[in-house]
Amino acid sequence: MIRDAMPNAFRPGDARLSERERSLVGRRQAVLGPAYRLFYERPLHIVRGEGVWLYDAEGTAYLDAYNNVASLGHCHPRVVEAVARQAAELATHTRYLHDGVLELAERLLATLPEAIGHVMFTCTGSEANDLALRLAFAATGGTGVIVTENAYHGVTLAVAGLSPSLGPGVPLGAHVRTVPAPDAARQADAGFAAAVAAAAADLQRHGIRPAALIVDTVFSSDGVFTDPPGFLAPAAEAIRAAGGLFIADEVQPGFGRTGEAMWGFVRHGVVPDMISMGKPMGNGYPVAALALRPELVEGFGARARYFNTFGGNAVAAAAALAVLEVIEAERVQANALTVGARLREDLRALAARFPRLGAVRGAGLFIGIDVEHPDSRAPDPVAAGRIVNGLREARVLISATGPLGHVLKIRPPLVFSEAHAALFLERIESVLVATG
């Protein structure tokens, strides 16, 4: 039997549940089937969200230090109002002229390098990455794709086949090569680019023309690798030298998450050929997109039309425009920079006192912490699971990531304040004391 590769997954039978919880789990299994997963040893029954807080059916508040979709905070009133207003006026697709999708495209392009000139809208990041592959294959004539060893890029047939983090039950395509994540602790800046060049050469040796290197620019599923800034530029040069394109997957790091810039790739001084985005783009409303160099779609568009029934619809455009307005008006990117830097500093101080915590990595409000055996410094996913679930019982929500599930993944809404960070530090310290 193939073991579930998802960190922090609930496994039926592993926990004592209330009668209500058992009923809900049973209903899920009956109607949703076995492929769905829940978080935590004791799943949460969440019924409401507001700001950085989630509330369960009993009214208990949980500090949300994990959810990247509601990056402006749950149910942000400005986004809620924009969605409700537009839904009451018009909710239709992009085959009619409408100002909303055009204004959104113009606003997005204004945040991107000048070479990026078009935006194509989808509903999910998976669809955006799927579209990026179609365009890369058409533009290069190749099919070879290079990803990192524990990457996640989505759930369509095409991108699931280049998402190793989905586990051995989802085989990689024969046209896919993996490279180690760019861990500054074990390789020089040039190491990642050298690995990309070697993977491209291996594809060519097997008669497969390279089409793309696609990376999540904070390498979140690999364990959160953000430094040193600049290491992505040589890797982009390496894939282009092999005839392929560089695709920046900004579905998790985008929209101010890293604090230093609107997009994760900016920290590396590189201009991608294509940029996928999603998750926080609508603060809960499903909207995503692919931004790209115009020449990459020119030939494709002459031969084929693109249409997505719900991609870029009037309500989606209103939600995404409201998100951009809030990012600017409430200066959440600057908040992510300052609060995130202070939180990482405090977490490093905590790691110096608790030997189970190893390296603290991240940018802005995207943080990963290694959990290790104190003596051997080997990864300790069991201890990571205890910390994650201990925090859940302490009413703080995070999760785990990395190839072994041994990296604490801390990714709160961008409105996380210093007071929220102080509460988080207080709770994680108490859990570390309790778990040993």
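The figures that follow rest on heavy atoms only: side chains count, while hydrogens, waters and symmetry mates do not.
Side-chain N or O atoms of Thr140 include one that pairs as donor or acceptor with a backbone N or O of Ala136 at under 3.5 Å. Arg177 places a side-chain N or O within donor-acceptor distance of the main-chain N or O of Ala174, the cut-off being under 3.5 Å. Between the side chain of Asp56 and the main chain of Gly59, a donor-acceptor pair closer than 3.5 Å is present. When atom types are taken as modelled, the side chain of Ser23 and the backbone of Glu19 share no donor-acceptor pair closer than 3.5 angstrom. In this structure, the side chain of Glu330 does not engage the main chain of Ile327 through any donor-acceptor pair within 3.5 Å. Judged purely by atom type and a 3.5 angstrom limit, Glu50 has no side-chain atom pairing as donor or acceptor with the backbone of His74. Between the side chain of Thr148 and the backbone N or O of Ala181 there is no donor-acceptor pair closer than 3.5 Å.
Under a cut-off of 6.0 angstrom, the local environment of CZ in Phe310 is sparse, with at most 12 non-hydrogen atoms contributed by other residues, nucleotides or ligands. For Arg331, the CZ atom counts as loosely surrounded, since its 6.0 Å shell holds 12 or fewer non-hydrogen atoms of other residues, nucleotides or ligands. More than 12 heavy atoms of other residues, nucleotides or ligands sit less than 6.0 Å from atom CZ of Arg377. Sparse packing is recorded around CZ of Arg134, with 12 or fewer heavy atoms of other residues, nucleotides or ligands lying under 6.0 Å away. A 6.0 Å sphere centred on CD of Glu328 holds no more than 12 heavy atoms belonging to other residues, nucleotides or ligands. Shown here is Phe307, whose CZ atom has more than 12 heavy atoms of other residues, nucleotides or ligands within 6.0 Å. For Leu157, the CG atom counts as loosely surrounded, since its 6.0 Å shell holds 12 or fewer non-hydrogen atoms of other residues, nucleotides or ligands. Around the CZ atom of Arg107, the shell of radius 6.0 Å holds more than 12 heavy atoms that belong to other residues, nucleotides or ligands.
With contacts defined as side-chain heavy-atom distances shorter than 4.5 Å, the pair Leu292/Leu135 qualifies. Taking the side chain as every heavy atom from C-beta outward, Ser163 and Val155 never approach each other to under 4.5 Å. Using a 4.5 Å heavy-atom threshold, the side chains of Met120 and Leu131 count as touching. Within the 4.5 Å cutoff, the side chain of Asp222 has no heavy atoms near those of the Thr401 side chain. Looking at heavy atoms from C-beta onward, Arg411 lies out of side-chain contact with Leu365 at the 4.5 angstrom threshold. Put simply, the side chain of Glu21 does not reach to within 4.5 Å of the side chain of His45, judged on heavy atoms. Side-chain contact between Phe121 and Met281: present, with at least one pair of heavy atoms (C-beta onward) separated by less than 4.5 Å. Side-chain contact between Arg353 and Glu429 is present, with at least one heavy-atom pair separated by less than 4.5 Å.
With no hydrogens or angles considered, no side-chain donor-acceptor pair links Glu81 and His76 at under 3.5 Å. Side chains of Asn68 and Arg257: a donor-acceptor N/O pair is present below 3.5 angstrom, by distance only. Ser221 and Asn150 are not linked by any side-chain donor-acceptor pair at a separation below 3.5 angstrom, with hydrogens and angles left out of the test. At a cut-off of 3.5 Å, with distance as the only test, no side-chain donor of Asn308 or Thr122 sits close to an acceptor on the other residue. Side-chain atoms of Asn129 and Ser276 form a donor-acceptor pair, as typed in the model, at a separation below 3.5 Å. Side-chain contact, Thr111 with Trp263: a donor N or O sits under 3.5 Å from an acceptor N or O. Between His153 and Asp249, the side chains place a donor N or O and an acceptor N or O closer than 3.5 Å (distance only, hydrogens not considered).
Closest approach of Val196 and Ala235 over heavy atoms only: CG1-O, 4.0 Å. In terms of heavy-atom proximity, Gly405 sits nearest to Ala400 at O-CB, 3.6 Å. Smallest separation of non-hydrogen atoms from Gly73 and Asn283: O-ND2, 3.0 Å. Between Ala322 and Ala82, the closest heavy-atom pair is CB-CB, 3.8 Å. His268 and Phe231 make their closest contact through ND1-N, 3.3 Å (heavy atoms, listed as atom of the first residue, atom of the second, distance). Looking at every heavy atom in both residues, Ala193 comes nearest to Ala238 through O-CB, 3.8 Å.
Sorted by first then second residue, the ring-ring contact (aromatic ring centres under 6.0 Å, His included) pairs that include residues 391-419, not counting sequence neighbours, are Phe416-His420. Every pair passing salt bridge (Lys or Arg N to Asp or Glu O under 4.0 Å) that includes a residue from residues 266-277 is listed here, sequence neighbours excluded: Asp227-Arg267, Arg240-Asp273, Glu260-Arg267, Asp273-Arg293.
We find the CG-CG distance between Leu17 and Leu24 to be 10.0 Å, quoted to the nearest 0.5 Å. For the atom pair Leu232 CG and Phe246 CZ, the distance stands at 4.5 Å (nearest 0.5 Å). Rounding to the nearest 0.5 Å places CD1 of Ile398 at 9.5 Å from CG of Asn389. Atoms CD1 and CG, on Ile214 and Leu162 in that order, are 6.5 Å from each other to the nearest 0.5 Å. Atom-to-atom distance recorded for Glu41:CD and Glu393:CD is 8.5 Å, nearest 0.5 angstrom. Here Gln252 contributes atom CD and Tyr152 contributes atom OH; the two are 8.5 Å apart, rounded to the nearest 0.5 Å.
With sequence neighbours left out, the side-chain contact (heavy atoms from CB on, under 4.5 Å) criterion links Val218 to Asp216, Ser220, Thr226, Pro253, Thr258, Phe366.
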side-chain hydrogen bond (donor to acceptor under 3.5 Å, both in side chains) between Glu127 and Thr156, intermediate numbers included: CA-CA 7 Å; Glu127 289 176 277; Thr156 69; over 6 Å; no
Derivation of the ring-ring contact (aromatic ring centres under 6.0 Å, His included) call for Tyr66 and Phe39: CA-CA 12 Å; Tyr66 178 71; Phe39 273 157; 5.5 Å; yes
Test log, rule side-chain contact (heavy atoms from CB on, under 4.5 Å), inputs Ile46 and Tyr55: CA-CA 6 Å; Ile46 297 297; Tyr55 297 84; over 6 Å; no
side-chain contact (heavy atoms from CB on, under 4.5 Å) evaluation trace for Val52 with Phe424: CA-CA 12 Å; Val52 300; Phe424 174 81; over 6 Å; no
Steps toward side-chain contact (heavy atoms from CB on, under 4.5 Å) verdict (Val360, Ile367): CA-CA 7 Å; Val360 177; Ile367 300 171; 4.0 Å; yes
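Only one option out of Ile428, Val371, Ile387, Val433 pairs with Phe354 in a side-chain contact (heavy atoms from CB on, under 4.5 Å); it is Val433. If you run salt bridge (charged side-chain N to carboxylate O under 4.0 Å, His left out) between Asp346 and each of Arg344, Arg342, Arg348, only Arg342 comes through.
Between Phe137 and His175, the angle of the ring planes goes over 60°, which puts this pair in the perpendicular group of the 30/60° scheme.
With Phe225 as the aromatic partner, Arg361 meets the cation-pi criteria of under 6.0 angstrom to the ring centre and within 45 degrees of the ring axis.
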